[in-house]
**Student:** 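Before I ask anything, let me first share the structure, which is written out below as structure tokens.
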There are 2 protein chains.
Amino acid sequence: MRSYGQYCAVAKALDLVGDRWTLLIVRELLLRPCRYGELQDGLPGIATNLLAERLRALEEDGLVARDEPGCYRLTERGQQLGAVVRELTRWGALLMAEKDSSDAFRSRWLEIPLELMFGGNDPGRPEVEVEIRAGDEVLTLNSRAGEVKIRRGVAVSPELVLTAPPDTMIGMLSGGLDKKAALEQGASILGDFRHLARLRRRDWLEDPLGPALSTSRR
Amino acid sequence: MRSYGQYCAVAKALDLVGDRWTLLIVRELLLRPCRYGELQDGLPGIATNLLAERLRALEEDGLVARDEPGCYRLTERGQQLGAVVRELTRWGALLMAEKDSSDAFRSRWLEIPLELMFGGNDPGRPEVEVEIRAGDEVLTLNSRAGEVKIRRGVAVSPELVLTAPPDTMIGMLSGGLDKKAALEQGASILGDFRHLARLRRRDWLEDPLGPALSTSRR
DNA sequence: CTGCATCCGGGCCGATACTG
DNA sequence: CAGTATCGGCCCGGATGCAG
């Protein structure tokens with residue numbers, strides 16, 4: 001990418017990750033190291049030459065490393081982009097209200113939003129296991145000792161099993177849809193739906209630095 | 001911009017702000033409402049047709065509004081991008097270590113990094129006024145009652161006046177350069193340099209959500 | 001089959017000229 | 001000052017080829 005030629009941290013950052021697809025590649029690698037084919041599967045729509053080109057640029061810039069040929073992972077510096085991707089996720093969450101019928105979906109794309117909604121430590125939370133069935137894979141949310149873990153795979157002994165189309169699932173998880181509305185939209189709910197609200201952070205949509213820093217002066 | 005066609009919050013966000021120059025326009029408007037010409041000045045290198053096109057798209061998407069013709073400001077939704085721009089700033093800060101000689105610079109680009117470095121409330125901080133002279137305008141940092149305010153314009157009765165080339169100034173402000181090194185790089189320091197270290201947050205480079213959420217699992 | 005490299009049409013970007 | 005118009009060139013997107 002052509003440099004912006006500005007001595008500014010935002011411009012310098014975008015010189016490295018401002019290219020089309022680049023931050024989506026980082027999104028994929030934030031979850032786990034990926035093979036080339038896994039990246040293609042997690043990035044529907046990307047041209048194979050662009051994926052190769054972006055990976056090469058990311059490697060040159062020290063954000064991505066490949067252990068064996070064909071297995072890509074983020075370097076520590078690349079991992080630090082997690083904060084950027086999380087804020088983009090938070091900001092983009094409101095845009096998920098309606099799903100375009102032609103939009104692709106992968107269940108792994110829920111993992112970062114789930115971290116935002118349920119992450120962090122909160123000793124008062126109940127200990128429950130929730131199985132989340134939407135899209136291509138099953139996710140499991142596990143609350144233990146105040147910590148919530150999200151992982152791929154089925155639950156062992158879930159207190160709640162949710163099955164729904166992607167947009168309905170996101171509505172349930174985020175709290176935008178109540179049980180009745182979700183059922184009307186084709187969700188299947190096994191167990192006590194109220195567990196979700198007890199686990200969810202109420203501040204997950206808020207700027208982590210608080211409004212003090214975020215409001216523009218004048 | 002062509003949509004990514006992915007039902008994912010990051011992709012949806014980038015559908016709106018992933019275009020080249022768009023987040024830099026937001027960076028400018030986060031500081032204050034701007035006239036068209038001010039935006040051009042704050043975005044050296046942008047083609048005028050692109051600026052007009054981006055502003056039109058941002059307005060259509062409800063992120064920018066124009067009060068009078070020619071005066072642009074962020075909507076509330078646009079302001080919420082502040083969190084994204086701040087994380088890009090934090091991540092890009094390390095890239096400011098060396099300045100390319102052809103890079104353009106505007107002193108207003110220091111305002112967001114200064115908020116990160118000195119923002120927030122800390123009742124233990126001394127009450128001092130620092131005048132910052134680098135680039136095209138003078139900035140003043142004012143610490144009172146634990147709060148630090150950054151504004152354009154000269155100081156009233158500063159305890160510290162810093163004058164330096166942009167990269168040296170950033171080194172001093174961020175803490176990467178000590179007094180001796182800064183002086184060697186052409187800085188002029190009037191007053192007690194140690195005020196800076198007393199005002200600066202030590203965690204300004206850290207992920208606001210903490211490493212718990214930011215580390216990738218496995 | 002996976003992991004890319006090559007090729008080419010089209011659209012976006014960048015620079016300049018021009019207008020109310 | 002605040003944009004609009006135009007055009008060359010480069011990047012993106014989609015298809016295809018090919019080597020291990």
Side-chain angles (χ1 to χ4, degrees), chain A residues 1-6 10-11 14-29 32-61 64-74 100 102-104, chain B residues 1-6 10-11 14-29 32-61 64-74 100 102-104 106 136:
Chain A
M1 144 176 283
R2 192 188 162 91
S3 167
Y4 285 108
Q6 298 184 357
V10 183
L14 292 176
D15 279 348
L16 296 188
V17 301
D19 256 325
R20 192 162 163 78
W21 291 106
T22 299
L23 279 174
L24 295 186
I25 293 171
V26 171
R27 172 197 73 189
E28 293 299 308
L29 292 174
R32 59 189 69 83
C34 287
R35 313 264 310 180
Y36 192 85
E38 295 179 284
L39 286 170
Q40 282 189 304
D41 178 63
L43 295 161
I46 195 172
T48 174
N49 60 338
L50 279 189
L51 177 54
E53 156 65 22
R54 295 293 183 267
L55 286 170
R56 194 163 47 74
L58 286 167
E59 195 177 358
E60 269 181 27
D61 292 331
V64 160
R66 79 180 86 187
D67 300 328
E68 324 127 43
C71 184
Y72 298 89
R73 63 172 176 84
L74 291 178
D100 189 300
S102 64
D103 281 346
Chain B
M1 144 175 283
R2 192 189 161 92
S3 168
Y4 285 107
Q6 298 185 356
V10 184
L14 291 176
D15 279 347
L16 296 187
V17 300
D19 256 326
R20 193 162 161 79
W21 291 106
T22 299
L23 279 174
L24 296 186
I25 294 172
V26 171
R27 172 196 74 190
E28 292 299 307
L29 293 175
R32 59 189 70 80
C34 287
R35 313 265 311 185
Y36 192 85
E38 294 179 284
L39 286 170
Q40 282 188 305
D41 179 64
L43 295 161
I46 196 172
T48 174
N49 60 337
L50 278 189
L51 176 55
E53 156 65 22
R54 294 293 184 266
L55 286 170
R56 195 163 48 73
L58 285 167
E59 195 176 356
E60 269 181 27
D61 292 332
V64 160
R66 81 181 84 189
D67 300 327
E68 323 127 41
C71 184
Y72 297 89
R73 63 172 176 82
L74 291 179
D100 189 299
S102 63
D103 280 346
R106 299 290 182 272
D136 52 330

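Chain letters run A, B, ... following the sequence lines, proteins first, then strands; residues in each count from 1. What you see is a predicted model; the values in this text were computed from it and never measured. Just the heavy atoms: all of them, side chains too, but no hydrogens, waters or symmetry mates, feed the values below.
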**Student:** Who pairs with R2(A) by side chain to side chain contact (heavy atoms under 4.5 Å, CB included), at least two apart in sequence or on another chain?
**Tutor:**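 Counting only residues at least two positions away or on another chain, R2(A) forms a side chain to side chain contact (heavy atoms under 4.5 Å, CB included) with R20(B).
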**Student:** Using C1' atoms of five pairs at each end, report the bend of the helix from dC1(C)-dG20(D) to dG20(C)-dC1(D) rounded to 10 degrees.
**Tutor:**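 If I round to tens, the end axes sit 30° apart.
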**Student:** Reading DNA chain D 5' to 3', which nucleotide is the first, and which the last, to come under 4.0 Å of any heavy atom in chain A?
**Tutor:**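 From 5' to 3', the first and last contacting nucleotides are dC12(D) to dT16(D).
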**Student:** Restricting to salt bridge (charged side-chain N to carboxylate O under 4.0 Å, His left out), what partner residues turn up for D67(B), sequence neighbours left out?
**Tutor:**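 In terms of salt bridge (charged side-chain N to carboxylate O under 4.0 Å, His left out), with neighbours along the sequence ignored, D67(B) is linked to R73(B).
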**Student:** Under 4.0 Å from any heavy atom of chain B: name the first and the last nucleotide of DNA chain C that qualifies, 5' to 3'.
**Tutor:**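 For DNA chain C, the relevant span reads dC13(C) to dA17(C).
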**Student:** Could you tell me whether the side chain of W21(A) reaches within less than 4.5 Å of the side chain of L51(A), counting heavy atoms only?
**Tutor:**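 Answer no - side chains too far apart.
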**Student:** State, to 0.1 Å, how close L24(A) and V10(B) come at their nearest heavy-atom pair, and which atoms those are.
**Tutor:**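 Taking every non-hydrogen atom into account, CD2-CG1, 3.7 Å.
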**Student:** Taking the side chain as C-beta and beyond, is there a heavy-atom pair between L39(A) and L55(A) under 4.5 Å?
**Tutor:**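 Yes, side chains in contact.
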**Student:** Output the distance between atom CG (L16(B)) and atom CD (E60(B)), rounded to the nearest 0.5 Å.
**Tutor:**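 Output value for this atom pair is 11.0 Å.
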**Student:** Of the non-hydrogen atoms in P44(A) and D41(A), which two are nearest, and what is the gap between them?
**Tutor:**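 Smallest interatomic distance, heavy atoms only, reads CD-O, 3.6 Å.
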**Student:** Short of 4.0 Å, heavy atom to strand atom, which residues of residues 14-28 of chain A count as contacting DNA chain C?
**Tutor:**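 Those residues whose heavy atoms fall under 4.0 Å from DNA chain C, taken from residues 14-28 of chain A, amount to none.
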**Student:** Run the salt bridge (charged side-chain N to carboxylate O under 4.0 Å, His left out) test against D61(A) and tell me which residues pass, sequence neighbours left out.
**Tutor:**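 Listed in chain order: nothing, the list is empty.
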**Student:** Scan residues 46-57 of chain A against DNA chain D and write down, sorted by residue number, each residue with any heavy atom closer than 4.0 Å; if none is found, say none.
**Tutor:**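 When residues 46-57 of chain A is checked for heavy atoms under 4.0 Å from DNA chain D, the hits, listed by number, are A47(A), T48(A), N49(A), L50(A), R54(A).
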**Student:** Starting at the 5' end of DNA chain C and moving along, which residue's nearest nucleotide shows up first, G45(B) or G37(A)?
**Tutor:**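 Between the two, 5'-proximity favours G37(A).
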**Student:** Residues two or more places apart in sequence or in another chain: which of them pass side chain to side chain contact (heavy atoms under 4.5 Å, CB included) with R66(A)?
**Tutor:**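 Side chain to side chain contact (heavy atoms under 4.5 Å, CB included) list for R66(A), sorted by chain: E59(A), Y72(A).
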**Student:** Check side chain to side chain contact (heavy atoms under 4.5 Å, CB included) between D103(B) and all other residues, then give those that pass, not counting sequence neighbours.
**Tutor:**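 D103(B): side chain to side chain contact (heavy atoms under 4.5 Å, CB included) contacts with Y7(A), K12(A), K99(B), D100(B).
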**Student:** Which residues pass the side chain to side chain contact (heavy atoms under 4.5 Å, CB included) test with T48(A), not counting sequence neighbours?
**Tutor:**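 Scan of T48(A) (side chain to side chain contact (heavy atoms under 4.5 Å, CB included), adjacent residues dropped) gives Y36(A), Q40(A).
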**Student:** Considering only heavy atoms from C-beta outward, does the side chain of E28(A) approach that of I25(A) to under 4.5 Å?
**Tutor:**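 Result no, sub-4.5 Å side-chain heavy-atom pair not found.
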**Student:** Please collect all salt bridge (charged side-chain N to carboxylate O under 4.0 Å, His left out) contacts where either partner lies in residues 43-55 of chain B, sequence neighbours excluded, each pair once.
**Tutor:**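 As it turns out, the salt bridge (charged side-chain N to carboxylate O under 4.0 Å, His left out) pairs with a partner in residues 43-55 of chain B, which skip direct neighbours, are E53(B)-R56(B).
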**Student:** Which pair of heavy atoms, one from G5(B) and one from S3(B), lies closest together, and at what distance?
**Tutor:**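 In terms of heavy atoms, the two residues are closest at N-OG, 2.9 Å.
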**Student:** Does some side-chain heavy atom of D15(B) sit less than 4.5 Å from a side-chain heavy atom of Q6(B)?
**Tutor:**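 Side chain of Q6(B) against side chain of D15(B), heavy atoms only: no contact under 4.5 Å found.
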